[in-house]
Amino acid sequence: MQYWLMKSEPGELSIDDLANLPGKKIEWFGVRNYQARNFMRDEMKKGDLALFWHSSCKEPGIYGIVKIATSPHPDSTQFVVTSHYYDPKSNIENPRWWCVDVELLQKTCYISIGTLRNHPELGDLQVLQKGNRLSVTKVSAKHWQILNKLLNG
DNA sequence: GCCAACGTTGGC
DNA sequence: GCCAACGTTGGC
């Protein structure tokens, strides 16, 4: 079992958007970065857990916990000509962009990035590193335990 | 809206 | 395959 952190802009897909979907489940569409894609395509397993993070907003931080609900599959939006995420260089036979579906397990209390920075034991969490831009990152089991206490304690 | 950090592109 | 120029991300 691997733990992850996945970023979403609230204007794109908010935690409440997700909570209001049928089955609270959605394709994690729109990732157009190779490193993040590789994590999803090559390393994510159905049943893995991930922190749901809001970025590019007034209050960045953790808002929930999601479960990886499917095996990796091609991102459907890359083939939709009218989509913002359409990629003319991709094709059905050899899709360039891959993703998974996620299901909301728990809408948690909000933990701000500032709060996280106040916990020295979380210092090397990737999302807190300077210059971090990856929208999908790994979370160690140790960090996950600490975060779970913060989220539920 | 600023800007540092990082990723991608493309000419050579 | 180098690297300058450009684009994007995302906290502040």
Side-chain angles (χ1 to χ4, degrees), chain A residues 2-21 24 26-44 48-68 72-140 142-151:
Chain A
Q2 172 72 55
Y3 301 103
W4 304 93
L5 183 148
M6 300 170 85
K7 294 185 196 168
S8 176
E9 299 182 18
E12 194 73 13
L13 175 76
S14 76
I15 187 86
D16 289 324
D17 293 341
L18 180 54
N20 289 327
L21 287 170
K24 303 184 178 186
I26 195 170
E27 176 183 26
W28 201 258
F29 62 91
V31 171
R32 295 294 179 267
N33 167 284
Y34 288 105
Q35 213 179 330
R37 177 208 66 181
N38 291 348
F39 277 153
M40 289 196 286
R41 186 190 62 183
D42 304 334
E43 297 196 45
M44 270 191 187
D48 282 358
L49 299 178
L51 300 165
F52 186 102
W53 180 280
H54 272 167
S55 63
S56 292
C57 58
K58 228 174 188 176
E59 297 182 311
I62 299 169
Y63 285 82
I65 296 175
V66 297
K67 182 175 75 177
I68 309 308
H73 56 79
D75 179 334
S76 66
T77 61
Q78 69 194 302
F79 306 121
V80 180
V81 180
T82 54
S83 168
H84 176 243
Y85 295 110
Y86 175 62
D87 184 352
K89 291 182 190 164
S90 186
N91 62 78
I92 302 267
E93 292 73 31
N94 186 21
R96 175 180 290 196
W97 304 112
W98 292 69
C99 66
V100 294
D101 290 9
V102 304
E103 177 191 341
L104 182 64
L105 283 190
Q106 185 191 356
K107 202 174 138 178
T108 62
C109 61
Y110 165 58
I111 300 189
S112 74
I113 190 166
T115 300
L116 293 173
R117 289 196 199 285
N118 284 335
H119 288 265
E121 67 272 31
L122 293 172
D124 48 354
L125 193 67
Q126 197 172 349
V127 78
L128 300 180
Q129 303 314 303
K130 192 175 180 186
N132 160 77
R133 282 172 34 182
L134 258 194
S135 67
V136 178
T137 52
K138 289 185 179 179
V139 176
S140 71
K142 184 185 139 211
H143 283 155
W144 185 268
Q145 272 191 335
I146 297 167
L147 290 162
N148 246 303
K149 276 187 195 158
L150 291 179
L151 291 164

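Throughout, a chain's letter reflects where its sequence line sits, starting with A, and its residues are numbered from 1.
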A.B. asks: Would you say W53(A) places a side-chain N or O within less than 4.0 Å of OP1 or OP2 belonging to dG11(C)?
C.D. replies: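 Looking at the OP1 and OP2 atoms of dG11(C), one of them is under 4.0 Å from a side-chain N or O of W53(A).
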A.B. asks: Tell me whether the count of non-hydrogen atoms from other residues, nucleotides or ligands lying under 6.0 Å of CD in Q145(A) goes above 12.
C.D. replies: no
A.B. asks: Compare the minimum distances between each of dT8(B), dG7(B), dG10(C) and the side chain of Q35(A), then state the nucleotide with the smallest one.
C.D. replies: dG7(B)
A.B. asks: Looking across every strand, which nucleic acid part, if any, lies under 4.0 Å from R117(A) by heavy atom: base, sugar-phosphate, or nothing?
C.D. replies: sugar-phosphate
A.B. asks: Could you check which of dC12(C), dG7(B), dG10(C) has an atom nearest any side-chain atom of N33(A)?
C.D. replies: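 Closest nucleotide among those given: dG7(B).
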A.B. asks: Identify whether any heavy atom of S56(A) sits under 4.0 Å from a base atom; if not, whether one sits that close to sugar-phosphate; answer base, sugar-phosphate or nothing.
C.D. replies: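 If one applies the 4.0 Å heavy-atom cut-off, S56(A) turns out to touch a base.
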A.B. asks: Is the shortest heavy-atom distance from the side chain of D75(A) to the side chain of C99(A) under 4.5 Å?
C.D. replies: yes
A.B. asks: Within this structure, what is the NZ-to-C1' distance between K89(A) and dT9(B), rounded to whole angstrom?
C.D. replies: 8 Å
A.B. asks: L116(A) has an atom CG; how far is it from atom C1' of dG10(C), in whole Å?
C.D. replies: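 Answer to the nearest Å: 16 Å.
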A.B. asks: Mind checking whether E59(A) and S112(A) have side chains closer than 4.5 Å, heavy atoms only?
C.D. replies: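 No - every pair of side-chain heavy atoms lies 4.5 Å or more apart.
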A.B. asks: What nucleotide among dT8(B), dG10(C), dC12(C) has an atom nearest to a side-chain atom of E9(A)?
C.D. replies: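 The listed nucleotide nearest to E9(A)'s side chain is dG10(C).
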A.B. asks: Please determine, for the side chain of K130(A), which listed nucleotide (dG11(C), dA4(B), dT8(B)) has the closest atom?
C.D. replies: dA4(B)
A.B. asks: Rounded to the nearest 0.5 Å, how far apart are OG of S140(A) and CD1 of I146(A)?
C.D. replies: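 One gets 7.0 Å once the value is rounded to the nearest 0.5 Å.
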